[in-house]
Q: 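Here's a structure for you.
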Amino acid sequence: MPVRAAATDADYLDGLNPEQRDAVLTTEGPLLVLAGAGTGKTRVLTTRLAHIIRNRLAWPSQILSVTFTNKAAREMRERVGALMGEQVEGMPWLGTFHSIAAKILRIHAELVGLKSSFTILDTDDQIRLLKQVIQAAGIDDKRWTARYMASLIDGWKNKGLTPDKLGADDGYAFAEGKGVEVYTTYQNRLKVLNAADFGDLLLHNITIFQKHPDVLRKYHEKFRYLLVDEYQDTNVAQYLWLRLLAQNTGGSGANNVCCVGDDDQSIYGWRGAEVDNILRFDQDFPGAKVIRLERNYRSTEHILGAASGLIAANKDRLGKTLWTEDSGGHRVTVTGVWDGPAEARIIGGDIENWKSKGRSYNDVAILVRASRQMRNFEERFIQLGLPYRVIGGPRFFERAEIRDAHAYLRVLRSDTDDLAFERIVNVPKRGIGATSVRKLQQAARSMNVSIEEATRRIIRTDEIRGKARSSLRAFLLDIDRWRKEAETTKHTEMAELILDQSGYTQMWRDNKDAKSQGRLDNLKELISAMGEFDTLDAYMDHVSLVMDVETGPQEDEISLMTLHSAKGLEFPLVFLPGWEEGTFPSQRSLDESGMAGLEEERRLAYVGITRAREQAKIYFAANRQLYGSWQSALPSRFIDELPIQHVDVESEANQYNPSLIADKVQEDFGRSFDRAQSGGRTSPGWQRYSKNKNQNFGRAPKDIEGHAVRRPAKGKSSNFNVGERVFHDKFGYGAVKETEGTKLTVAFEKAGEKKVLDGFVKRASEV
DNA sequence: TCGCCCTATATAAGG
DNA sequence: TATAGGGCGA
């Protein structure tokens, strides 16, 4: 096989810019491709794969390509296929971290005490199992919830920490130091159940690679090229896994690892991602080449300018300068509105306007920080009759009815799947309550058999009596009959038959809840999803790792989603509502993660703006309803950080004074920052921050007519005096307690003490 | 054991 | 405000 083919004149390289071409052709040695938003990352990735294969640098089976999501893997597979034509059949080692780790683990399962047939537990199973472990350890599971323990364990697994690698004080956050004990017991239970949770897939791989160099060597010999997408999202475990596979000194493809990512789009720190991985790449892989893709093909100059100015406030970044030839276009707009419903009303009107100009709803996206912000929009769109789709939200295979159905199928397949058996033994209600189930669990444990086997034995005794006993007996007979029929019946028919005969579908038919029809529909959809696989086993293997469902044909609809799920997408017109302190940046991020949290929020804002091709429109509301009660809000500090030459300030007519935007509290920012950051104003971060901030604030913003907005002089006080009686549309009457610039602290008679801006209150005497 | 009522709680979400 | 899960009475 030639080490390198002269392929620079190949037509698949046409149309790549010099940096993209370099990223495709640099096949040997470690390479980091820093791909800014909209710089043609996927094209580079797929072309690189095609280049390697076409030039016979490696066979498709010798390339390991990892992504985070099934969607990304699917897209890559399709696009490589399109580039290669029919000549190449699928790439066996292209997939998500988890699917590839699972594939490897199936081969070597016995090295970590599992059987090759191990089941993969989803988060729901994981939590139910943990609850059992916690209760068995005599820990109060209300004070110390399984959910909390699961998050600790996930955190440890994300860091590559098995129980033996934890110190005594590590588990102290749980039940006075019992954390590690619970973790250990949980891992032992998993082994007994022949199961692995998602974190284990990677972790077991790492253990195997570390303890069995001969196994690792085989993979070194197998893989000549490694490719990692979205490298900024990798956690420590993924990083360790990759290092082990990549650090190949003697093999055929020494260190040919290519990581692609964008530190500015790292938004999954809360999920264990370590931006550090990408920041440290050249130290981890000595001799690494770094290529920056900075030419943006997506957005206008104003959109890029606004986004770049914003992200410049971040300290920990490698730094890129995006540029475009697409000059002109609309500035990013910033609009202040009265409250959430007003925001939805204005955006709804804008969308109608867009549509009436002959553009499509598909061009439009609304990106929110938290899913609860979607509600105002849904309500308004229904009123206006605007078609929309919500992207994200609860996923198909995670719905309770689907999990129940799967549990029936798991029991059908295996008589040792305790978690599945427990889940459905009393669904639908068969009169087998918690007490009976506990007895079964105890019996199973003492006899060292599965719960199903324990049940078979126990119903021959008087241990369980009455209805519970007869129901259990009938249930076991059902299971036996189903297993027998399954030998000769197609799996889809089998599923229908089981759901029918168990009374499961009847349970939902009898349920008068509004959602139960939807659940029945989901069950039908499940059957048809199963039909795409030849056997039940093939189907079950698939769903354990692929939780999403491919989206069907597109209608012309507005997209409504969170900022997180918008990553990787683009739309001509993007609405960014809810840019208020507390909402965005989220107060919780600041409280829990301080400066790092703030920077991640800012990257999220950057992701949001850079989704837009033609126009990005930012909104903030003066009042926001949170959990049923109204709160006044201040514009997000991110609005202050937008370079003014790329921004137009608009206002909701007569309701809002544009000068408020400009004003908005440099001092207030300082205060919330102090809260979030223990270092306070003396920290380097703060000093750097204020410096950047002042740079961005040299000029006064302009309002929609182009007049410079009057900016209150520093220390300018409001027109209200302490003790004055005022009226606020949402909070009613109250008395001013304190004034600070244009910000008032008002003791409202009904709503209590609130901080509001003086533009939003009137003198009570003028009402 | 079931079912209702009350109350505690509330980001983001991939596999 | 909306919901999920626990407590308690029938």
Side-chain angles (χ1 to χ4, degrees), chain A residues 66-73 95-103 120-124 126-127 131 141-142 145-147 151 154 157-158 196-202 229-230 233-235 237-238 266-273 340 367-376 379 391-395 397-398 400 426 428-438 464-468 471 511 513 515 542-548 561-568 578 582-593 597 600-601 603-604 607-608 624-631:
Chain A
V66 271
T67 64
F68 274 85
T69 64
N70 288 298
K71 190 177 162 219
T96 63
F97 276 100
H98 290 90
S99 68
I100 288 170
K103 190 168 175 175
I120 298 167
L121 299 190
D122 62 17
T123 39
D124 206 66
Q126 187 188 10
I127 282 170
K131 193 166 177 173
D141 70 322
K142 272 152 227 143
T145 63
R147 193 167 293 280
S151 72
D154 271 353
K157 290 187 175 176
N158 284 340
D197 64 22
F198 285 123
D200 282 341
L201 298 175
L202 252 314
D229 191 17
E230 305 280 14
D233 289 338
T234 50
N235 61 35
Q238 286 155 342
S266 166
I267 55 174
Y268 286 110
W270 48 274
R271 214 166 67 183
L367 311 183
V368 296
R369 177 63 180 82
S371 53
R372 72 170 104 83
Q373 293 168 256
M374 293 179 186
R375 197 182 154 163
N376 283 324
E379 284 173 356
I391 299 188
R395 286 177 299 167
F397 292 114
E398 287 175 342
N426 199 31
K429 296 273 177 335
R430 297 188 173 89
I432 302 157
T435 323
S436 303
V437 173
R438 211 169 308 120
I464 292 176
R465 294 164 171 280
K467 178 124 197 291
S471 293
N511 187 309
D513 192 288
K515 286 179 191 150
H542 176 80
V543 291
S544 62
L545 281 168
V546 180
M547 301 299 279
D548 65 345
M561 69 188 97
T562 65
L563 286 157
H564 282 91
S565 46
K567 193 168 76 150
T583 297
F584 191 36
S586 137
Q587 190 58 48
R588 199 161 156 186
S589 286
L590 302 191
D591 291 345
E592 288 174 6
S593 312
E600 184 156 310
E601 294 285 307
R603 292 193 289 267
L604 199 49
V607 166
R624 181 75 56 188
Q625 200 175 19
L626 186 67
Y627 308 133
S629 68
W630 284 95
Q631 303 198 251

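Chain A is the first sequence line, chain B the second, and so forth, proteins listed ahead of strands; every chain is numbered from 1.
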Q: Would you please confirm or rule out a distance under 4.0 Å between OP1 or OP2 of B/dA12 and any side-chain N or O of A/R588?
A: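 No.
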
Q: Out of C/dG6, B/dT11, B/dC2, which has the shortest distance to the side chain of A/N426?
A: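 In terms of side-chain proximity for A/N426, the closest of C/dG6, B/dT11, B/dC2 is B/dC2.
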
Q: Choosing from B/dA12, B/dC2, B/dT1, which nucleotide comes nearest the side chain of A/T435?
A: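 Of B/dA12, B/dC2, B/dT1, B/dT1 is nearest to the side chain of A/T435.
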
Q: The side chain of A/W270 is closest to which nucleotide in this list: B/dA13, B/dA10, B/dG14?
A: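 So the nucleotide nearest the side chain must be B/dA13.
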
Q: Picking from C/dT3, C/dG7, B/dA10, which would you name as closest to the side chain of A/K142?
A: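 The answer is C/dG7.
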
Q: Would you say A/N70 reaches B/dG15's phosphate, i.e. side-chain N/O to OP1/OP2 under 4.0 Å?
A: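 Yes, within the criterion.
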
Q: Which nucleotide in the set B/dT1, B/dG15, B/dT11 lies at the smallest distance from any side-chain heavy atom of A/E592?
A: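 The listed nucleotide nearest to A/E592's side chain is B/dT11.
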
Q: Using both distances under 3.5 Å as the test, list the Watson-Crick or G-U wobble partner of C/dG5, or none.
A: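 Partner of C/dG5: B/dC6.
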
Q: A/S436 near the nucleic acid: base, sugar-phosphate alone, or nothing, with a heavy-atom cut-off under 4.0 Å?
A: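 Sugar-phosphate contact only - A/S436 comes under 4.0 Å of backbone atoms but never of a base.
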
Q: Tell me whether the side-chain N/O atoms of A/R372 come closer than 4.0 Å to OP1 or OP2 in B/dA12.
A: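 It does not, given that no N or O in the side chain of A/R372 lies less than 4.0 Å from OP1 or OP2 of B/dA12.
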
Q: CD of A/Q587 to CD of A/E592: how many Å apart, nearest 0.5 Å?
A: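 Result: 10.5 Å between the selected atoms.
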
Q: Counting side-chain heavy atoms from C-beta on, which of B/dA12, C/dT1, B/dG15 comes nearest to A/R369?
A: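 Comparing B/dA12, C/dT1, B/dG15 against the side chain of A/R369, the answer is B/dA12.
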
Q: A/T562 has a side chain; which of B/dA13, C/dT3, B/dA10 sits nearest to it?
A: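 That would be B/dA13.
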
Q: At under 4.0 Å between heavy atoms, what does A/E601 touch on the DNA or RNA strands: base, sugar-phosphate, or nothing?
A: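 Touches a base.
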
Q: Between A/I127 and A/A146, which heavy-atom pair has the shortest distance, and what is it?
A: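 Heavy atoms only, the tightest pair is O-CB, 3.6 Å.
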
Q: Quick one: which of B/dC2, C/dA2, B/dG15 gets closest to the side chain of A/K429?
A: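 The answer is B/dC2.
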
Q: Base, sugar-phosphate, or nothing for A/F198, non-hydrogen atoms under 4.0 angstrom?
A: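 Touches a base.
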
Q: For the residue pair A/W270 and A/H564, categorise the inter-ring angle as parallel (less than 30°), tilted (30 to 60°) or perpendicular (more than 60°).
A: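 Geometry flag for A/H564 against A/W270: perpendicular rings.
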
Q: So, is A/S371 near the phosphate of B/dT11, with a side-chain N or O under 4.0 Å from OP1 or OP2?
A: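 No, no such contact exists.
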
Q: Could you tell me whether the side chain of A/S589 has a donor or acceptor atom within less than 3.5 Å of a complementary atom in the base of B/dT11?
A: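 It does, because a donor-acceptor pair links the side chain of A/S589 to the base of B/dT11 below 3.5 Å.
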
Q: Give a yes/no on whether any side-chain N or O of A/K131 is located under 4.0 angstrom from OP1 or OP2 of C/dG6.
A: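 Answer is yes, contact under 4.0 Å.
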
Q: Determine the contact category for A/D122: base if any of its heavy atoms lies under 4.0 Å from a base atom, sugar-phosphate if only primed atoms, P, OP1 or OP2 are that close, otherwise nothing.
A: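 Since no nucleic acid heavy atom lies under 4.0 Å of A/D122, the category is nothing.
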
Q: 5'-most contact on DNA chain B: A/D154 or A/G431, nearest heavy atom basis?
A: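 Its nucleotide being nearer the 5' end, the pick is A/G431.
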
Q: Under 4.0 Å between a side-chain N/O of A/R430 and OP1 or OP2 of B/dT1, yes or no?
A: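 No, because none of the side-chain N or O atoms of A/R430 sits under 4.0 Å from OP1 or OP2 of B/dT1.
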
Q: Taking atom NZ of A/K71 as the centre, report whether more than 12 heavy atoms of other residues, nucleotides or ligands fall under 6.0 Å from it.
A: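 Open.
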
Q: With sugar-phosphate meaning primed atoms plus P, OP1 and OP2, does A/T69 contact a base, only sugar-phosphate, or nothing at under 4.0 Å between heavy atoms?
A: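 Result for A/T69 = sugar-phosphate.
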
Q: Is A/Y268 stacked on the base of B/dA13 when the test is centres under 5.5 angstrom and planes under 30 degrees?
A: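 Not stacked: fails the 5.5 Å / 30° test.
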
Q: Of the nucleotides B/dT11, B/dA13, B/dG15, which one has an atom closest to the side chain of A/T96?
A: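 The answer is B/dG15, which lies nearest to the side chain.
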
